[in-house]
Amino acid sequence: MRDVTDDMPALHRRTFLKYTGALGASAAVTASLSACSSGPESTNDTGGSGKNRTLTAVIGYGNDGSWDPMQTASAFCMAANNHIYEGLLDTDPISREPYAALATQVPGDPNSTSWKFTLRAGATFHDGKPVTADDVVFVFDRILDPKTQTLAKGFFASWLKEVRKIDAQNVELVLKFPFPEGISRLTLAKIMPKHVFSQPGAFDDAIRGKAIGSGPYRQTAHHPKSNTTFEAYADYNGPRKATFQKMNWLTIVDAAPRVARISGASAGAQIADNIPYANIGQLKSGGLTVAGGAGMNNLFLMFNTKHKPFDDVRVRQALHYAIDTEKMVEVALKGHGKPSSSFLNEGNPSYRRAKTVYDYDPDKAKALLKQAGVRGLKIDILAVNVSWIVDCLPTIKASWDAIGVKTTLNPQETTAVFTKMDQKQDYQVVAAASNPNQFGLDADLIMHYNYGPTNLWMGYTRWADNAVAKKLFKDMDAATREPDGDRKKTMIQDYIDVVAEQAVLYPVVHNELMTAWDPNELAGIRAQPYPGINLLQAKWV
């Protein structure tokens, strides 16, 4: 899907679609976005010469999702916001190591329940106004407000008690208990100007594309479903300065035109993400560098546990055992993936092979269905039409057909699929994609992002009131509060074993995400294992 989950009370359909980016901002951005009111610039704009020319990037995801940093899980918008906004701390896009951004230093004691931060002297927002402690408190008060539901609340509310203003340049974060993982999560709380976004309707403007931060690039124009442009912010005085005078990010969701824009003699872009596996050889032979990032990106199956026989764990397990995942990796992913052996991918610091691993075993699948008393099962797979997911679906159908399960494939637009979920329409199985790595590598975050008593996904699965689920959620909360790092890691691994055994929402394969760029034009590019690009350390050759 659109790389989305959360750990908060379920929201009504429109609100959820806003922050996930599934609801397109097809209307023009409001008049307050004056830079966006004159109509799209040329999406071929590579103007300028030498080091002052425009960097053109092709993003394989829509730019019409929510741009509100506290609400969005849109790949395009999150990537752009990382260039526009800053947190107190930010993290390296690959190592995820925290570094001082708006704050002057990383806390010396990550196990303390009080973190004090001094703001960077001279930091200003893109409208020229200074960044102050009031802006920091404004953002965190919104996140922690019990009456306000944001995606960010699920990342902070369990461990952060309050944020206090000490003086104009200093703040204190007060924790409920020691939580060292919170340091890297601070990048998810982008500091927004209070004088702008406290105004009536301002957060609706943010959803539609209004972005004013303190980062190295400022947004100059935003055209939903077309492109978003940026320029270096001249007064930025932080650690990762802009190296491109202008940038033009094109949104091209369809694979063929995206590949065409970066390849050949008439290539109009220097970098593109979400490269199809089938085009890797072509692009390399054309002189481009193509590199992959392996992480949590996955195809998952989600079962409606109120629709029999999917309330029976043996049926869910049978359908996982039946899938020829090695064939899926070979044929659909061209070798750029691995069958899942845990909810977490193998590169995650908290990974441990799960006690239940769904290696291809059609005989075991048949036996489990027989034990469950299931015969003549017919399944309609409701799937998102993301290109690589569609490529994987024939393997699922062939595998399930082979054990006597008559299978129909029903791929649809992502918005259509999850509108049905939000409207609580009946379904059997959903096949979609997810990648919580865009929020970090923290296993506690990843698991709460997918599982929790009031989690949106658990609402979709209709599983939260199950006795096993209730015990799981208690174990998850205990792990969050565990002060000993090694013990916490083991507790997480243990409850992931329960998640694997139950297979309510569980990955089938983890795959690589491919990025292509022109090495004769760009240096310092690193392929991400999650959607989007980060150009904060890139430069012209």
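For the numbers below, each heavy atom of this structure counts, side chains included, while hydrogens, waters and symmetry mates do not.
Between Cys77 and Gly65, the closest heavy-atom pair is SG-O, 3.7 Å. Of all heavy-atom pairs between Ile446 and Pro436, the closest is CG2-CG, 3.8 Å. In this structure, Ile191 and Phe140 approach most closely via the heavy-atom pair CD1-CE1, 4.4 Å. Closest heavy-atom contact between Ser214 and His126: C-NE2, 3.8 Å. Of all heavy-atom pairs between Leu160 and Val163, the closest is CD2-CG2, 4.1 Å. The two residues Ala255 and Pro276 come nearest to each other via the heavy atoms CB-CG, 3.6 Å.
Annotation: ring-ring contact (aromatic ring centres under 6.0 Å, His included) contacts involving residues 246-271, sequence neighbours excluded, comprise Phe76-Trp249, His83-Trp249, Phe230-Trp249. Pairs engaging residues 95-110 under the side-chain hydrogen bond (donor to acceptor under 3.5 Å, both in side chains) rule: Asp92-Ser95 [sequence neighbours left out].
Put simply, the side chain of His510 gets close to the backbone of Phe343: a donor and an acceptor are under 3.5 Å apart. Between the side chain of Tyr530 and the backbone N or O of Met296 there is no donor-acceptor pair closer than 3.5 Å. Under a 3.5 Å cut-off, the side chain of Asn435 and the backbone N or O of Asn437 do form a donor-acceptor pair. In this structure, Thr243 contributes its side chain and Ala538 its backbone to a donor-acceptor pair below 3.5 Å. Asn298 places a side-chain N or O within 3.5 Å of a backbone atom of Ser434 that can act as its donor or acceptor partner. Without hydrogens or angle criteria, Lys153 side chain to Thr148 main chain gives a donor-acceptor distance under 3.5 Å. At least one donor-acceptor pair closer than 3.5 Å links the side chain of Thr220 to the backbone N or O of Thr229. Looking only at distances, a side-chain donor or acceptor of Ser184 sits under 3.5 Å from a matching main-chain atom of Glu181. The main-chain N or O of Pro531 is never found under 3.5 Å from a side-chain atom of Asp273 such that the two would form a donor-acceptor pair. At distances below 3.5 Å, not a single donor-acceptor pair connects side-chain atoms of Glu521 with backbone N or O atoms of Leu55.
Counting heavy atoms from C-beta on, the side chains of Ile166 and Val171 never come closer than 4.5 Å. Residues Ile94 and Gln528 have side chains in contact (heavy-atom distance under 4.5 Å, counting atoms from C-beta outward). In this structure, Val137 and Lys194 have side chains that are not in contact, with every pair of non-hydrogen atoms separated by 4.5 Å or more. The shortest distance between side-chain heavy atoms of Pro98 and Asp90 does not fall below 4.5 Å. With a 4.5 Å cut-off on side-chain heavy atoms, Phe244 and Arg53 do not count as touching. Residues Thr72 and Trp67 fail the side-chain proximity criterion, which asks for heavy atoms closer than 4.5 Å. In this structure, Asn274 and Tyr61 have side chains that are in contact, with non-hydrogen atoms separated by less than 4.5 Å. Contact annotation: the side chain of Ile271 approaches that of Ile525 to within less than 4.5 Å [non-hydrogen atoms, C-beta and beyond].
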Would you please test Ile212 and Met192 for side-chain contact (heavy atoms from CB on, under 4.5 Å) and show each step? CA-CA 7 Å; Ile212 300 175; Met192 307 171 74; over 6 Å; no
Go through the steps for Arg526 and Gln537 under the test side-chain hydrogen bond (donor to acceptor under 3.5 Å, both in side chains), then give the verdict. CA-CA 9 Å; Arg526 294 177 292 167; Gln537 292 180 299; 2.6 Å; yes
Checking Thr54 against Asn248 for the side-chain hydrogen bond (donor to acceptor under 3.5 Å, both in side chains) test, could you report, in this order, the C-alpha distance in whole Å, the side-chain angles of both residues, the deciding distance, and whether it holds? CA-CA 7 Å; Thr54 298; Asn248 184 21; over 6 Å; no
Going through the distances and angles, do Arg208 and Asp205 end up as a salt bridge (Lys or Arg N to Asp or Glu O under 4.0 Å)? CA-CA 5 Å; Arg208 291 189 288 264; Asp205 290 343; 2.8 Å; yes
List the steps, then state whether side-chain contact (heavy atoms from CB on, under 4.5 Å) holds for Ser114 with Leu175. CA-CA 6 Å; Ser114 171; Leu175 281 62; over 6 Å; no
Do Thr228 and Asn63 pass the side-chain hydrogen bond (donor to acceptor under 3.5 Å, both in side chains) test, and can you show the C-alpha distance, the side-chain angles, and the key distance before you say yes or no? CA-CA 8 Å; Thr228 303; Asn63 73 339; 3.2 Å; yes
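Note on Glu231 versus Arg218: salt bridge recorded, some NZ/NE/NH1/NH2 to OD/OE distance being below 4.0 Å. Salt bridge absent: Glu172 and Lys165 never bring a charged side-chain N and a carboxylate O closer than 4.0 Å. The existence of a salt bridge linking Lys190 and Asp68 is excluded, since no basic side-chain nitrogen approaches an acidic carboxylate oxygen closer than 4.0 Å.
A side-chain donor-acceptor contact under 3.5 Å links Lys420 and Gln412. Side-chain polar atoms of Thr480 and Asp444 form a donor-acceptor pair below 3.5 angstrom. With 3.5 Å as the limit, one finds no donor-acceptor pair spanning the side chains of Asp235 and Thr124. Residues Gln169 and Arg120 bring no donor and acceptor atom of their side chains to less than 3.5 Å of each other.
Ring pair Phe155/Tyr449 is tilted by interplanar angle, where 30° to 60° counts as tilted.
Heavy-atom contacts from other residues, nucleotides or ligands closer than 6.0 Å to CD of Glu413 number 12 or fewer. For Lys241, the NZ atom sits in a packed shell: over 12 heavy atoms of surrounding residues, nucleotides or ligands are nearer than 6.0 Å. Other residues, nucleotides and ligands contribute more than 12 heavy atoms inside 6.0 Å of the NZ atom of Lys176.
Asp127 is linked by a side-chain contact (heavy atoms from CB on, under 4.5 Å) to Phe125, Lys129, His195, Val196, counting only residues two or more places apart in sequence or in another chain.
Taking the ring centre of Trp159 as origin, the terminal cationic atom of Arg481 falls outside the region bounded by 6.0 Å and 45° from the ring axis. In this structure, Arg185 fails the cation-pi test against Phe179, since its NZ or CZ atom is not both closer than 6.0 Å to the six-membered ring centre and inside 45 degrees of the ring normal.
The distance from the CG atom of Asp64 to the OG atom of Ser74 is 7.5 Å, given to the nearest 0.5 Å. The CZ atom of Arg261 lies 11.0 Å from the CD atom of Gln270; values are rounded to the nearest 0.5 Å. Distance CG/Asn81 to OG/Ser66: 8.5 Å, rounded to 0.5 Å. The distance from the CG atom of Leu88 to the CG atom of Leu102 is 6.5 Å, given to the nearest 0.5 Å. For the atom pair Asn227 CG and Met247 CE, the distance stands at 12.5 Å (nearest 0.5 Å). Remark: Glu86 CD to Leu186 CG distance equals 13.5 Å, nearest 0.5 Å.
Looking at Leu445, Thr91, Leu151 one by one, the single match for side chain to side chain contact (heavy atoms under 4.5 Å, CB included) with Leu188 turns out to be Leu445.
Not less than 6.0 angstrom separates the ring centroid of Tyr217 from the ring centroid of Tyr233.
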